[in-house]
Student: 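After the structure tokens below, expect a handful of questions from me.
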Amino acid sequence: METLANLESFARSAESGSFSAAARRLSLTPAAVSRNVAMLERNLGVRLFHRSTRNLTLTEEGERFLQAIGSNLDELQASIANISAQRDEPAGILKVSMSPTLGIGFVMPLLPDFLQRYPLIRPEWLFENRQVDLIAEGFDAAIGGGFELLPGVISRSLATLHLVAVASPDYMAGRTAPDDPAALADMEGIVMRQQRTGRIPTRIMRNRTGVEIPVPIRQRIVVNDPAAMLQAALLGLGVTIISAPVALPHLENGNLIRLLPDWYADAGPVSIYYASRTLLPAKTRVFVDFIAEAFRQGKLAHSFAGVLG
């Protein structure tokens, strides 16, 4: 009878097209995954994969075998996860991806309370400005906005993210405050070039009555990170449009001034993303619920929408 490790190694390698990607998902080494698949092939007496230095593709027999075990393997894994969740505390490495600004500034402060509740969970958090492939790269969850929903991944909305226009008091000294977004054209702009597209997005701001106006901000300084936009604004180098939760502490202490307080740009929802399994591992389930509750009960949802106080 085949072991679960052999079957999992085969199925995840087939899904990702790579022993390395399957290894990251299963917390094994690529050599161990390759060994498990080779043992399965030997026991079955058939070749399941065509192998080359760059590609891993299923043979005809491999396709048939994957179809045969697919749903049964998922049900078996779900049963094991369910029994473990009922018997044990949530435990293990929790691999999560999020941007540095969001993760370090807003999610990291929640970590002490989370670890007090679940001491057997070991966080492995990566802070980077990119969309990860949860399944292929072996992540348990990701937090961010604007992610494309890949197959096998679902999202849970946490908050609506607004962008606001800000500048330092030094920069605004002697200047007339703008009365609508079009007036920002007369000021030096601090903008960000998106890493994925290479473009500088055009922001559209709206007010409480629903009027929308494109922001004709001048590209005086171009950077590739929100933290750099914030720092440039604090240095008095111009006007920038940044996320409300990043701006709020500096608005509250007076280091920045919010221009156009009745206007904002809608950046869409901030969500937590995780694999759409019938039964999540306990460590992932409690993390998703904990983060959602923190946003719902705390001040995070208000701060992401730009509400002071």
Side-chain angles (χ1 to χ4, degrees), residues 94-114 123-132 134 137 139-148 155-168 189-201 203 205 215 217 221-253 255-259 264-273 287-288 290-292 294-295 298-308:
L94 181 72
K95 190 175 178 183
V96 182
S97 171
M98 53 197 125
S99 72
T101 301
L102 170 65
I104 297 172
F106 300 96
V107 182
M108 184 68 79
L110 304 175
L111 187 56
D113 188 22
F114 180 74
E124 184 177 318
W125 291 2
L126 279 74
F127 303 100
E128 49 192 350
N129 289 312
R130 71 178 182 94
Q131 177 176 348
V132 300
L134 285 177
E137 297 182 53
F139 283 91
D140 297 294
I143 304 174
F147 282 22
E148 177 187 358
S155 66
R156 183 170 174 179
S157 180
L158 299 173
T160 299
L161 180 61
H162 289 169
L163 308 178
V164 296
V166 299
S168 72
I190 304 162
V191 300
M192 185 176 77
R193 189 179 303 280
Q194 294 180 333
Q195 293 182 3
R196 188 175 62 177
T197 65
R199 298 177 180 176
I200 297 172
R203 301 298 184 187
M205 301 190 80
V215 182
I217 195 165
I221 297 175
V222 180
V223 297
N224 69 338
D225 188 90
M229 296 173 69
L230 171 64
Q231 186 62 23
L234 290 170
L235 291 171
L237 299 178
V239 176
T240 194
I241 299 176
I242 59 175
S243 66
V246 170
L248 279 179
H250 303 281
L251 296 174
E252 291 173 335
N253 65 24
N255 289 332
L256 290 177
I257 299 170
R258 180 171 176 178
L259 310 179
Y264 65 89
D266 190 347
V270 173
S271 302
I272 185 165
Y273 301 83
F287 179 71
V288 170
F290 177 86
I291 294 297
F295 271 80
K299 296 170 58 178
L300 287 175
H302 282 159
S303 68
F304 274 64
V307 179
L308 285 164

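Computation of the quantities below employed the complete heavy-atom set of this structure, encompassing side-chain atoms and omitting hydrogens, waters and symmetry-equivalent molecules. All residue numbers refer to positions in the sequence shown, counting from 1.
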Student: Starting from the C-alpha separation in whole Å, work towards a yes-or-no answer on side chain to side chain contact (heavy atoms under 4.5 Å, CB included) for Ser99 and Asn129.
Tutor: CA-CA 5 Å; Ser99 72; Asn129 289 312; 3.2 Å; yes

Student: Could you give the distance from CZ (Phe295) to CD1 (Ile272), rounded to the nearest 0.5 Å?
Tutor: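 Here the rounded value is 8.5 Å.
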
Student: Report yes if the side chains of Leu111 and Pro123 come closer than 4.5 Å at any heavy-atom pair, otherwise no.
Tutor: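 They are in side-chain contact.
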
Student: Taking all heavy atoms of Leu134 and all of Ala141, pick out the closest pair and write down the distance.
Tutor: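 Heavy atoms only, the tightest pair is CD2-C, 3.6 Å.
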
Student: Would you indicate whether the side-chain heavy atoms of Leu102 and Pro245 approach each other to under 4.5 Å?
Tutor: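 With C-beta onward as the side chain, the pair stays apart.
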
Student: Quick one: CZ on Phe127 to CE on Met98, what's the gap to the nearest 0.5 Å?
Tutor: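 Output value for this atom pair is 4.5 Å.
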
Student: Do you know which two heavy atoms are closest between Leu110 and Ala294, and how far apart they sit?
Tutor: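 So the two residues come closest at CD1-CB, 3.7 Å.
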
Student: Give the intermediate values and the outcome of side chain to side chain contact (heavy atoms under 4.5 Å, CB included) for residues Phe290 and Asp113.
Tutor: CA-CA 10 Å; Phe290 177 86; Asp113 188 22; 3.8 Å; yes

Student: For Ser97 and Val132, which heavy atoms make the closest approach, and how far apart are they?
Tutor: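 In this case the closest contact between Ser97 and Val132 is OG-CG1, 3.5 Å.
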
Student: Using side-chain heavy atoms (C-beta onward) and a distance below 4.5 Å, is Trp125 in contact with Leu94?
Tutor: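 The answer is yes, as the side chains (C-beta and beyond) meet within the 4.5 Å cut-off.
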
Student: Roughly how far apart are Ile143 CD1 and Ile291 CD1, rounded to 0.5 Å?
Tutor: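 Reported to 0.5 Å precision, the distance equals 4.5 Å.
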
Student: If you round to the nearest 0.5 Å, how far is NE2 of His250 from CZ of Arg258?
Tutor: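 Atom-to-atom, Arg258:CZ and His250:NE2 are 15.0 Å apart.
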
Student: Indicate the atoms forming the closest heavy-atom contact of Ala233 with Ser168, along with that distance.
Tutor: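 Closest approach of Ala233 to Ser168: O-CB, 3.3 Å.
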
Student: Of all the heavy-atom pairs spanning Lys95 and Glu137, show the shortest one and how long it is.
Tutor: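 In this case the closest contact between Lys95 and Glu137 is NZ-O, 3.1 Å.
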
Student: How would you list, by chain and number, every residue that makes a side-chain hydrogen bond (donor to acceptor under 3.5 Å, both in side chains) with Gln131, sequence neighbours excluded?
Tutor: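 Expected list: none.
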
Student: Roughly how far, to the nearest 0.5 Å, is CD1 of Ile190 from CG of Leu230?
Tutor: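 Between atom CG of Leu230 and atom CD1 of Ile190 there are 9.0 Å.
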
Student: What residues, two or more places apart in sequence or in another chain, satisfy side-chain hydrogen bond (donor to acceptor under 3.5 Å, both in side chains) together with Gln231?
Tutor: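 Once residues adjacent in sequence are excluded, Gln231 has no partner under the side-chain hydrogen bond (donor to acceptor under 3.5 Å, both in side chains) criterion.
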
Student: Take the angle between the ring planes of Phe287 and Phe114 and call it parallel below 30°, perpendicular above 60°, tilted in between.
Tutor: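 If you compare the ring of Phe287 with that of Phe114, the planes turn out perpendicular.
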
Student: Side chain to side chain contact (heavy atoms under 4.5 Å, CB included), that's the test. Do Leu248 and Val164 meet it? Break it down for me.
Tutor: CA-CA 10 Å; Leu248 279 179; Val164 296; over 6 Å; no

Student: If you look at every heavy atom in Val246 and Ile242, which pair is closest and at what distance?
Tutor: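 Here Val246 and Ile242 meet closest at CG1-CD1, 4.2 Å.
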
Student: Quick one: OG1 on Thr240 to CZ on Arg203, what's the gap to the nearest 0.5 Å?
Tutor: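 Those atoms lie 9.5 Å apart.
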
Student: Donor-acceptor pair, distance only, cut-off 3.5 Å: does the side chain of Asn224 make one with the backbone of Arg193?
Tutor: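 Here the side-chain-to-backbone pair does not exist.
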
